[in-house]
Amino acid sequence: MVTQHPPSRHLLVVGGYGVIGTGIVGHGLALPNWRITTVGRSRAPERLLDGRPTPRHVQADLSRLEQASDAFTSLSDVTAMVFTAFVAEGHTTPVAPNVALLANALDALKHVGAPLSRVVLMGGGKSYGAHLGSYKTPAKERDPRIMGPIFYNDQEDTLWQRAARDGFGWTVLRPDGVIGPNFGSPMNMLMGLAAFAAVSKELRVPLRFPGSLGAWQALHQATDADVLAQAAFWALESEAALGEVFNVTNGDNFRWQHLWPDIAAAFDMPAAAPQPMRLMEQMADKGPLWASMVRKYDLRDTPWDRLASWPFVDGWLHIGNDMVQSTTKIRHAGFNGCIDSHDSFVAAIARLRAQKIVP
């Protein structure tokens, strides 16, 4: 009889069930050489959206080092970490609390004696000022930093300091506009678009682009959650990724004016001319309608206020300048994962409908 030993690589996914973490967990569960544990402030779902059981989860508030250290007692064999967690205050992401989450996770693993060798930190396009308006495009990893406050900068500094002190390797990945399903985290563009389309269809109105006319025509980008998950595991294992920062997008760009008919077709509904509006206002009274749709179409019972963050969706749909990050560096380093952005959106919508998240 052959004794089965658990994989020697133990990955801790911090922030396990946002849109990024959900993709990483789903991808990692299919890899035989990795064991996955997630950690987060909330309880984990029992199953992924595709029905697979979720891995072991540690519920902990990482904002306090003492609590993190206590919660991490059973994680003394963790060898790698992907950090995706963040905290928001209203519609802002404050610097100090987000730096504390990362620092406390690293210090708690050190406290319990975990043999941590690799850390992948998730950043984003805000490193280039995408949230401030027009910025230099294509944005490259070697571009100078923008003026803060921006917690990505401070998290990177903390990561580098801890890595130099404690001897682990690191990689920073900078996706932008991550597209994929997830549980209960409304900061998700896909879920917002899907909810808007579903409500539009239920009200028997065509799908009208609700953003600005500038955004309708500008070059935008996205990062498929599966592509990002592939990049994360590549970074955990590749020598070429050590000590580097990489942009990760789908590898192409799109314009909403060209993508919008495909989104409408994915919902079997007609598209119409853009009608700029603020979804934060237009969708404010749609909770009762959504509740009736959940019953009518036998959907997963996702509360309306957990389905989408309308200020977040509005923010992206009103960006009238080009959003372009170069992915040349990560390609040269050996990662070539990519997907056509039109295909990414359409496939993700099909998954949401098949899994009864939207009708």
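When reading the values below, keep in mind they use all heavy atoms of this one structure, side chains included, and skip hydrogens, waters and symmetry mates.
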Subject >> Closest non-hydrogen atom pair between Pro181 and Leu190, with its separation >> reply: N-CD2, 3.8 Å

Original post:
Do you know the tightest heavy-atom contact between Ser238 and Arg118?
Top reply: O-NH2, 2.7 Å

**OP:** Return each pair, listed once, that meets side chain to side chain donor-acceptor pair (under 3.5 Å) where at least one residue sits in residues 188-204; pairs must be two or more places apart or across chains.
**Re:** Asn182-Asn188, Glu202-Lys296, Glu202-Tyr297

With sequence neighbours excluded, what pairs up with [X] under the salt bridge (Lys or Arg N to Asp or Glu O under 4.0 Å) test?
X	result
Glu156	Arg145, Arg174
Lys356	none
Arg295	none
Arg353	Asp268

Quick one, [X] and [Y] - any side-chain contact, counting heavy atoms below 4.5 Å?
X	Y	answer
Arg165	Lys110	yes
Leu109	Arg162	no
Met191	Val19	no

Original post:
By side chain to side chain contact (heavy atoms under 4.5 Å, CB included), which residues pair with Gln161, not counting sequence neighbours?
Top reply: Asp157

Subject >> Pairing residues for Ile150 by the side chain to side chain contact (heavy atoms under 4.5 Å, CB included) criterion, not counting sequence neighbours >> reply: Lys126, His131, Ile146, Tyr152, Asn153

Original post:
Can you check whether Val245's main-chain N or O pairs, donor with acceptor, with Lys329's side chain at less than 3.5 Å?
Top reply: yes

**OP:** Sort out for me which residue in Leu48, Leu11, Ile36 forms a side chain to side chain contact (heavy atoms under 4.5 Å, CB included) with Pro55.
**Re:** Ile36

Subject >> Counterpart residues, ring-ring contact (aromatic ring centres under 6.0 Å, His included), relative to Trp170 (two or more places apart) >> reply: Trp160

Original post:
Which pairs, with at least one residue in residues 24-45 and sequence neighbours excluded, count as a ring-ring contact (aromatic ring centres under 6.0 Å, His included)?
Top reply: His27-Phe233, Trp34-Phe233

**OP:** Sorted by first residue and then second, give each ring-ring contact (aromatic ring centres under 6.0 Å, His included) pair with at least one member in residues 331-359; sequence neighbours left out.
**Re:** Trp234-Phe335, Phe254-Phe345, Trp256-Phe345

Original post:
Is Asp50 salt-bridged to Arg351, cutoff N-O under 4.0 Å?
Top reply: no

Original post:
Are the charged groups of Asp70 and Arg64 less than 4.0 angstrom apart, N to O?
Top reply: no

**OP:** State which residues pass side-chain hydrogen bond (donor to acceptor under 3.5 Å, both in side chains) with Ser42; sequence neighbours excluded, sorted by chain then number.
**Re:** none

**OP:** Nearest 0.5 Å please: distance from the OG atom of Ser341 over to the NE2 atom of His258.
**Re:** 13.5 Å

Original post:
If you group Ile, Leu, Val, Met, Phe, Trp and Tyr whenever their side-chain heavy atoms sit less than 4.5 Å apart, what else falls in with Leu242?
Top reply: none

